[in-house]
Amino acid sequence: MKERYDFDEIEIKRQKYWSDKGLHKAEADTSKKKFYCLEMFPYPSGKIHMGHVRNYAIGDVIARYKKMRGFNVLHPMGWDAFGLPAENAAIKHGVHPAKWTYENIGYMKKQLDRMGLSYDWDRETATCSPGYYKWNQWFFLKLYEKGLAYKKASFVNWCPSCVTVLANEQVIDGACWRCDSAVVQKELEQWFFKITDYVEELLQGCDELTGWPERVVAMQRNWIGRSEGVEVDFPLETGDEKLRIYTTRPDTIFGVTYMCLAPGHPLTERLVQDKTALDAIKAKSGKEETKEGIFTGHYAINPLTGEKIPVYVANFVLMGYGTGAIMSVPAHDQRDFEFAKKYGLPIKTVIIPEGGQEEEMPNEAFEGEGTLINSGKFNGFKSADAKGAIAVFIEEKESGKRTVNYKIRDWGISRQRYWGTPIPIIYCDKCGIVPVPENDLPVILPEDVSFTGKGGSPLLESERFLNVKCPACGGNAKRETDTMDTFVDSSWYFIAYCLKDDIDLKSQISNLKSPINYWMPVDQYIGGIEHAVLHLLYSRFFTRCMRDLGVISSGEPFRNLLTQGMVCKETWKCPDHDWLFPEEVKDGRCVNCGKQVEKGRIEKMSKSKKNVIDPDALIKKYGADTMRLFSLFAAPPERDLEWSDKGVEGAYRFLNKVWGIVYKNNNALCVKRDESKENITGASRITDYASRLLRKTHQTIRKVTDDIEKDYHFNTAIAALMELVNEMSSFTPENEEDRSALGFAVKNTLMMLAPFAPHFAEELWEATGGNPSIFEQPWPEWDETLAKDEEIELVVQINGKLKAKMLAPAGLTDEDARQRALQDERVKEMLDGREIKKVVVVKGKLVNIVLG
RNA sequence: GCCGGAGUGGCGGAAUUGGUAGACGCAAGGGACUUAAAAUCCCUCGGAGCCUGCUCUGUACGAGUUCGAGUCUCGUCUCCGGCACCA
């Protein structure tokens with residue numbers, strides 16, 4: 001072996017070795033226990049970034065570790081290849097989205113391979129390939145058959161800059177999630193997936209997501225937003241029209257002093273005379289913090305009290321939730337309270353808190369539960385009881401019914417964009433909406449379109465695509481020109497990976513022994529927290545739909561989820577030149593202007609903040625193993641990672657140290673024996689020397705295995721390996737026993753290092769005579785008796801404070817420990833003859849002497 | 001406002017069911033090797049005191065439970081993330 005650690009040569013050699021061996025290929029085999037390890041696939045934006053590196057390094061450690069544990073491991077990778085950036089690149093640079101995308105895929109794939117990731121590339125999929133998106137279309141047709149895909153006109157979130165519709169989830173604080181432009185409302189015909197049909201199941205399924213981070217499950221529950229309440233009809237004073245409201249607080253219904261309609265409510269136009277005032281309210285709808293409203297001039301009747309109640313239109317009432325109308329109880333709802341104060345409306349208290357009294361002039365609404373007053377026959381009821389009783393009463397009076405409401409809406413999937421899956425629908429003047437026959441799939445995305453960026457669907461311009469014969473009547477018809485939301489693509493790619501060459505979902509229906517049913521669910525899914533709601537919820541929905549189609553036998557796709565933290569780095573800012581690259585800062589000054597720079601916060605790596613590290617450069621300087629090792633060592637996976645150039649050097653030093661030990665061991669050990677100048681006397685001394693290293697090795701195997709198994713805490717596992725290596729580096733073997741102990745330590749260190757620094761471990765494995773691949777070795781096992789310490793440090797406390805430490809044989813009895821502590825000269829001195837009240841002994845660890 | 005999560009050295013981070021606070025790494029200081037530097041190796045490294053050994057103190061803050069609290073309970077403060085006029 002070479003004296004120097006030449007990472008570049010080794011890594012390329014080992015990547016070829018694994019590839020030639022087909023080490024990462026997976027085959028479904030029901031006789032083997034499987035492990036499906038999956039990292040969220042990337043959008044092929046051009047180059048991988050450190051976030052990818054971390055994500056994939058974590059996944060690769062798990063995949064390689066599980067393989068060594070004897071699992072049949074599936075570890076695939078592919079490309080989330082449809083999406084806006086490709087189209088934007090086409091508009092900007094005139095490159096066709098397909099060309100742009102496939103070129104990026106080619107480059108990024110090389111980068112991933114250079115990292116030494118153990119993917120089975122036979123299963124690679126790009127969602128933009130017809131072989132993949134055909135099944136998006138097939139799935140769409142199946143949902144359409146079941147009434148789960150439907151078209152409706154609705155107000156949608158429209159981004160004027162991206163010229164497209166956005167899902168509710170893609171709107172953040174009224175702005176586009178991608179470009180930050182203000183989102184406007186526009187009425188369009190859209191295709192929807194009926195996720196609301198599965199909402200109860202998706203919610204209940206949350207209880208079973210025990211392998212998911214709690215906060216992600218909480219976010220999903222929160223997004224679904226289930227609430228139980230009552231819909232109540234308030235008849236209008238004039239005519240037979242009724243106002244239907246939704247409330248979760250029927251216990252406060254006697255406190256209603258006015259009502260509010262959403263500006264978009266169907267009745268507003270009829271009730272409000274002053275259209276300019278109405279328009280003003282509409283303009284302020286759903287945006288502003290301040291509450292504004294107008295009186296309609298109409299009154300409704302509270303069905304329980306018969307009271308006459310003024311009806312308002314208010315900007316803060318949402319049309320999309322409940323019935324778009326509310327009953328207002330200012331005494332017990334802060335929003336209603338503020339509105340009432342502003343417009344001088346009465347406030348009627350109907351709930352008093354436990355042990356409280358009715359306040360004359362409340363300063364704020366009391367939103368808690370309590371006891372009912374001013375509520376007719378329900379006076380004296382507790383809120384919880386009153387909710388039920390009043391709901392029943394309303395139902396008996398046929399004034400309303402108990403209902404469950406959800407915040408989640410159906411999933412709008414239409415996008416007025418080119419680079420996505422064509423929706424397989426044909427519009428015929430005679431037959432109306434006609435689905436493309438299954439046999440005609442895929443509907444291929446045409447290439448002959450131009451990218452002007454002027455908006456509208458580019459597909460409208462492709463005559464060959466647009467004009468089609470109606471499958472039903474044969475007459476002239478037109479295709480749907482919208483494409484699907486790319487979240488459709490990513491909602492089932494993990495199922496596609498299970499099928500190797502041909503993603504034929506249909507052929508797998510009702511096949512209990514299909515590869516899908518062998519590999520699914522994903523045992524470990526790893527990705528960023530940013531997908532906590534969207535992607536993960538849609539995938540759970542899709543998998544359930546697939547289950548109901550018979551494609552898969554169970555509906556929960558991801559057993560365990562690990563959300564890795566962000567990769568962060570410090571930032572630099574110049575008062576004139578904004579964010580600076582680290583190399584633009586010299587001695588605390590900006591190299592452009594010489595001004596004092598400000599050390600900014602530690603932020604997520606981003607090009608705009610100029611605090612990115614380029615993985616290519618890192619690999620060139622230190623190699624992939626060092627990069628992987630550092631990103632795994634610096635923090636536990638779920639936490640944010642602060643990038644440190646010095647820390648990377650530390651990881652590199654560590655590998656060099658191991659290399660040095662193995663090199664020395666391999667070549668110089670045999671000679672060393674005669675050159676020995678040290679005086680080591682007595683065989684027992686030598687035995688002890690070797691057995692200490694042996695013990696440490698067994699302890700390390702236990703620690704590393706536990707750390708990986710428990711929570712994938714690779715940072716502490718690597719720390720334990722470093723400890724062992726430190727011990728090895730100061731170990732000079734003097735005899736056969738020593739040499740075999742060191743050999744054992746080296747061999748096990750390499751095996752444990754293998755998932756983290758695979759090329760490095762594989763190279764040294766071979767250099768030390770290991771054969772075949774280290775990844776075909778079983779994970780090391782420890783011997784509990786050999787791992788046991790012979791001596792322990794017995795801690796003596798007096799009144800809980802550490803006073804002395806002494807060596808004692810392991811496994812001593814509590815009584816022995818007690819005697820040793822009490823008879824220690826120094827302890828005796830400190831006790832100074834004072835009365836001992838009690839002695840607490842913690843087995844094999846500690847004695848606490850409690851004085852009176 | 002509601003729901004999560006977190007506050008430990010100069011820094012990243014360790015500490016089974018409550019039982020030696022600060023593993024491992026980085027930075028820093030000192031030393032060895034070298035003509036010199038790099039690399040490497042050795043030592044020190046929470047704070048304060050007498051710098052030998054030791055003593056006191058210390059895990060955001062304040063109480064509490066306990067023989068014993070970074071860990072459990074209650075309260076306070078700060079920071080981060082998500083949701084947010086959802087009736």
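Residue numbers start from 1 in every chain, and the chains themselves are labelled A, B, ... in the order their sequence lines are given, proteins ahead of strands. These figures come from a predicted structure and were not determined experimentally.
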Could you tell me whether A/Gly650 contacts a base, only the sugar-phosphate backbone, or nothing, with contacts defined as non-hydrogen atoms closer than 4.0 Å? sugar-phosphate

When both hydrogen-bonding distances must be under 3.5 Å and the geometry is Watson-Crick or G-U wobble, what is B/C74 paired with, if anything? B/G62

What I want to find out is whether A/Glu723 reaches A/Lys696 closely enough, with some N-O distance under 4.0 Å, to be called a salt bridge. yes

Describe the nucleic acid contact of A/Glu793 in one word from base, sugar-phosphate, nothing, applying a heavy-atom distance below 4.0 Å. base

With C1' as the reference atom in both, quote the distance from B/U55 to B/C67 in angstrom, rounded to an integer. 22 Å

Using the C1' atom on both, measure B/G10 against B/G75 and round to a whole Å. 32 Å

Reading 5' to 3' through nucleotides 10-19 of chain B, protein heavy-atom contacts under 4.0 Å coded B for base, S for sugar-phosphate only, - for none: --BSS----B

Take atom P in B/A14 and the same atom in B/G64, then report the distance between them in whole Å. 31 Å

For residues A/Phe633 and A/Phe714, establish whether the separation of their ring centroids is below 6.0 Å. no

Salt bridge or not between A/Arg221 and A/Asp207? Use side-chain N to carboxylate O under 4.0 Å. yes

Go through the steps for A/Tyr712 and A/Leu632 under the test side-chain contact (heavy atoms from CB on, under 4.5 Å), then give the verdict. CA-CA 10 Å; A/Tyr712 296 129; A/Leu632 295 161; over 6 Å; no

Now, which nucleotide makes the Watson-Crick or G-U wobble pair with B/U44, with each of the two distances under 3.5 Å? B/A28

Locate the shortest heavy-atom distance separating A/Ser729 from A/Lys664; write the atom from each residue and the value. O-NZ, 4.4 Å

Could you measure between the two C1' atoms, the one in B/G70 and the one in B/G13, and give it in whole Å? 14 Å

Which base, if any, makes a Watson-Crick or G-U wobble pair with B/C54, both distances under 3.5 Å? B/G49

In terms of side-chain geometry, is the basic nitrogen of A/Arg702 or A/Asp706 positioned less than 4.0 Å from the acidic oxygen of its partner? no

Would you measure the distance from the P atom in B/A69 across to the matching atom in B/G58 and give it in whole Å? 11 Å

Return the nucleotide paired to B/U34: Watson-Crick means purine N1 to pyrimidine N3 with N6-O4 or O6-N4, wobble means G-U with N1-O2 and O6-N3, both under 3.5 Å. none

Touch check for A/Lys837, heavy atoms < 4.0 angstrom, all strands: base, sugar-phosphate only, or nothing? nothing

For A/Tyr312 and A/Tyr343, take the angle between the two ring planes, folded into 0 to 90°, and tell me which bin it lands in: parallel under 30, tilted 30 to 60, perpendicular over 60. tilted

Quote, to the nearest angstrom, the C1' distance that separates B/A23 from B/A15. 8 Å

How far, in whole Å, is B/G18 from B/C56 if one measures between their P atoms? 27 Å

Taking atom P in both B/G7 and B/U17, compute the distance separating them and give it to the nearest angstrom. 16 Å

Looking at every strand, decide which applies to A/Lys646 at a 4.0 Å heavy-atom threshold: base, sugar-phosphate, or nothing. sugar-phosphate

Test A/Asp333 against A/Glu367 for side-chain contact (heavy atoms from CB on, under 4.5 Å), laying out the working first. CA-CA 6 Å; A/Asp333 183 292; A/Glu367 296 187 325; 4.2 Å; yes

Between A/Arg826 and A/Glu723, who's closer to the 5' end of RNA chain B by nearest nucleotide? A/Glu723

Counter-base of B/G1, judged by Watson-Crick or G-U geometry with both distances under 3.5 Å: B/C83

Touch check for A/Asn726, heavy atoms < 4.0 angstrom, all strands: base, sugar-phosphate only, or nothing? sugar-phosphate

